[in-house]
Amino acid sequence: MSLLEVKNLSFTYGIGTAFEKQAVKDVSLNIEQGEFIGIIGHTGSGKSTFIQTLNGLIKPTSGTVLLDGKDIWSDPKKIRRVRFKVGMVFQYPEYQLFEETVEKDIAFGPKNMGLKENEIKERVKIAARFVDLKPELLKKSPFELSGGEKRRAAIAGVIAMDPDILILDEPTAGLDPRGRDVLLSQIYAYHKSKNNTVLLVSHSMEDISRIADKILVMNKGSMFAFDETKKIFSKGEEIEKIGLQIPQITKIMIGLSKKGYNLPTDIYSVERAVFEIMKLRGKKLEEKASI
């Protein structure tokens, strides 16, 4: 049984008004325990609407979301429990900080779960460690932190609830390249340590390709593709046709293949590209030697 199953899910804004718009159209997919899923698509492709249906922030117009085999809307009174199991980190989460101290902000979710004080403190400590927030920062006001520290504190607040599924909507938006790399590394380390399921929304195929097991490509509200990362990049040219940028190294390998070099086009890392080119070069040298 899948951890999360989506069946024929659709959502329409403003039904019956002049502003009616279908944001998500008939999406179906299964997500297993421990998978790291990247979600990519243009602005307006339905990414954010889709992920908000997964923890009950938005109720689908049609279709179902099954968590551990149970429709999350089977009992609307219990939808709050779903949000503890499926944690959501929104874009620019630092704007959601509001408590007197960083420690209280991180503790807010666990406290609402009704946990005991000693468990709350332990969860705060563990969550802060995952995002590399130093203990001395926990006593500060969140508004005294740097931009990157605020982002990490907000993410820690969701991690502290220990969700089965962690969803992050553009967590690196607005960060410089180093800050982006550090945050992605921390998210990936958290995922590997907890073996939980992570869904990460991003505009950057480069970022997604480095850490995702599978990629969901959204286009105009529909699921354009959902597959293992390697298989997604074997469709690099199709992805470019819908206006998404594939990693530069994938473009290079596609270009070389078109020029007659016998190279795979599902490559998205420089290391593997070098390996394949050197392997091809070795074959050509062997062919020359045998002449």
Side-chain angles (χ1 to χ4, degrees), residues 27 29-32 34-43 45-48 50-51 91 165-193 195-220 222-284:
V27 173
L29 54 82
N30 292 343
I31 295 172
E32 306 296 335
E35 289 187 319
F36 196 120
I37 309 294
I39 303 176
I40 196 155
H42 285 300
T43 299
S45 63
K47 304 185 305 295
S48 293
F50 173 68
I51 60 172
Q91 283 191 49
I165 300 171
L166 175 64
I167 303 176
L168 303 110
D169 191 0
E170 297 278 4
T172 61
L175 298 180
D176 60 38
R178 183 179 178 281
R180 184 179 67 236
D181 289 345
V182 168
L183 185 56
L184 286 173
S185 296
Q186 289 167 344
I187 291 167
Y188 188 70
Y190 165 76
H191 161 69
K192 296 304 284 186
S193 172
N195 191 37
N196 66 348
T197 302
V198 175
L199 279 66
L200 188 146
V201 177
S202 177
H203 277 94
S204 172
M205 196 69 95
E206 297 272 2
D207 289 347
I208 291 284
S209 68
R210 285 160 40 199
I211 53 179
D213 301 316
K214 291 181 180 177
I215 297 177
L216 168 62
V217 182
M218 297 286 291
N219 184 44
K220 297 179 180 178
S222 297
M223 184 174 77
F224 178 79
F226 178 54
D227 213 328
E228 295 173 6
T229 299
K230 180 179 177 179
K231 291 179 181 177
I232 288 294
F233 285 106
S234 69
K235 304 173 184 175
E237 288 186 284
E238 295 173 49
I239 291 170
E240 284 207 304
K241 283 178 183 175
I242 64 171
L244 292 174
Q245 290 292 319
I246 59 175
Q248 196 63 37
I249 193 64
T250 307
K251 284 187 180 183
I252 292 169
M253 299 304 279
I254 290 172
L256 289 172
S257 178
K258 284 182 175 179
K259 288 183 179 293
Y261 292 96
N262 186 23
L263 288 164
T265 57
D266 60 353
I267 289 175
Y268 49 91
S269 73
V270 173
E271 293 78 12
R272 187 168 167 234
V274 170
F275 173 78
E276 293 292 346
I277 290 170
M278 294 304 291
K279 188 167 74 170
L280 179 64
R281 184 171 180 270
K283 283 182 181 177
K284 289 189 176 295

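Keep in mind that the numbers below use all heavy atoms, side chains included, and drop hydrogens, waters and symmetry copies.
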Check this for me: Lys230, atom NZ, are more than 12 non-hydrogen atoms of other residues, nucleotides or ligands nearer than 6.0 Å?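 Open: at most 12 neighbouring heavy atoms sit under 6.0 Å from NZ of Lys230.
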
Report yes if the side chains of [X] and [Y] come closer than 4.5 Å at any heavy-atom pair, otherwise no.
X: Ile232; Y: Lys214; value: no
X: Pro264; Y: Glu276; value: yes
X: Met223; Y: Leu29; value: yes
X: Ile31; Y: Ile37; value: yes
X: Ile51; Y: Ile39; value: yes
X: Leu280; Y: Leu263; value: yes
X: Leu244; Y: Val217; value: yes

Hey, does the side chain of [X] reach the backbone of [Y] with a donor-acceptor pair shorter than 3.5 angstrom?
X: Thr229; Y: Asp213; value: yes
X: His42; Y: Asn219; value: no
X: Glu35; Y: Glu32; value: yes
X: Gln91; Y: Ala173; value: no
X: Thr172; Y: Leu175; value: no

Asp207/Arg180 ion pair, N-O < 4.0 Å: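 Looking at Asp207 and Arg180, the cut-off is met.
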
Any Lys/Arg nitrogen of Glu237 or Lys251 sitting under 4.0 Å from an Asp/Glu carboxylate oxygen of the other?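 Lys251 and Glu237: not salt-bridged.
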
Quick check: closest heavy atoms across [X] and [Y], and the distance to 0.1 Å?
X: Ile187; Y: Val198; answer: CG2-CG1, 4.4 Å
X: Ile246; Y: Ile239; answer: CG2-CG2, 3.9 Å
X: Ile215; Y: Ala212; answer: CG1-CB, 4.2 Å
X: Met253; Y: Ala273; answer: SD-CB, 3.9 Å

Kindly write out the residues that satisfy side chain to side chain contact (heavy atoms under 4.5 Å, CB included) with [X], not counting sequence neighbours, or none if the list is empty.
X: Glu238; answer: Phe224, Lys235
X: Asp181; answer: Arg210
X: Ser209; answer: Phe233, Pro247, Tyr268
X: Lys259; answer: Tyr261

Worked verdict on Ile208 versus Leu200 for side-chain contact (heavy atoms from CB on, under 4.5 Å): CA-CA 8 Å; Ile208 291 284; Leu200 188 146; 3.8 Å; yes

[X] side, atom [atom1]; [Y] side, atom [atom2] - distance, nearest 0.5 Å:
X: Ser202; Y: Ile211; atom1: OG; atom2: CD1; value: 8.0 Å
X: Arg272; Y: Ile249; atom1: CZ; atom2: CD1; value: 11.0 Å
X: Ser45; Y: Ile40; atom1: OG; atom2: CD1; value: 9.0 Å
X: Thr265; Y: Lys258; atom1: OG1; atom2: NZ; value: 10.0 Å
X: Phe36; Y: Leu166; atom1: CZ; atom2: CG; value: 8.5 Å

Checking side-chain polar atoms at under 3.5 Å, does His191 have a donor or acceptor matched by the opposite partner on Thr197?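 Side chains of His191 and Thr197: no pair found under 3.5 Å.
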
Gln245 vs Met205, side-chain contact (heavy atoms from CB on, under 4.5 Å): CA-CA, chis, key distance, verdict: CA-CA 7 Å; Gln245 290 292 319; Met205 196 69 95; 5.7 Å; no

Go through the structure and list residues passing salt bridge (Lys or Arg N to Asp or Glu O under 4.0 Å) with Glu206, not counting sequence neighbours.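 Scan of Glu206 (salt bridge (Lys or Arg N to Asp or Glu O under 4.0 Å), adjacent residues dropped) gives none.
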
Residues two or more places apart in sequence or in another chain: which of them pass ring pair (Phe, Tyr, Trp, His ring centres under 6.0 Å) with Phe226?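 For Phe226 there are no ring pair (Phe, Tyr, Trp, His ring centres under 6.0 Å) partners, ignoring immediate neighbours.
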
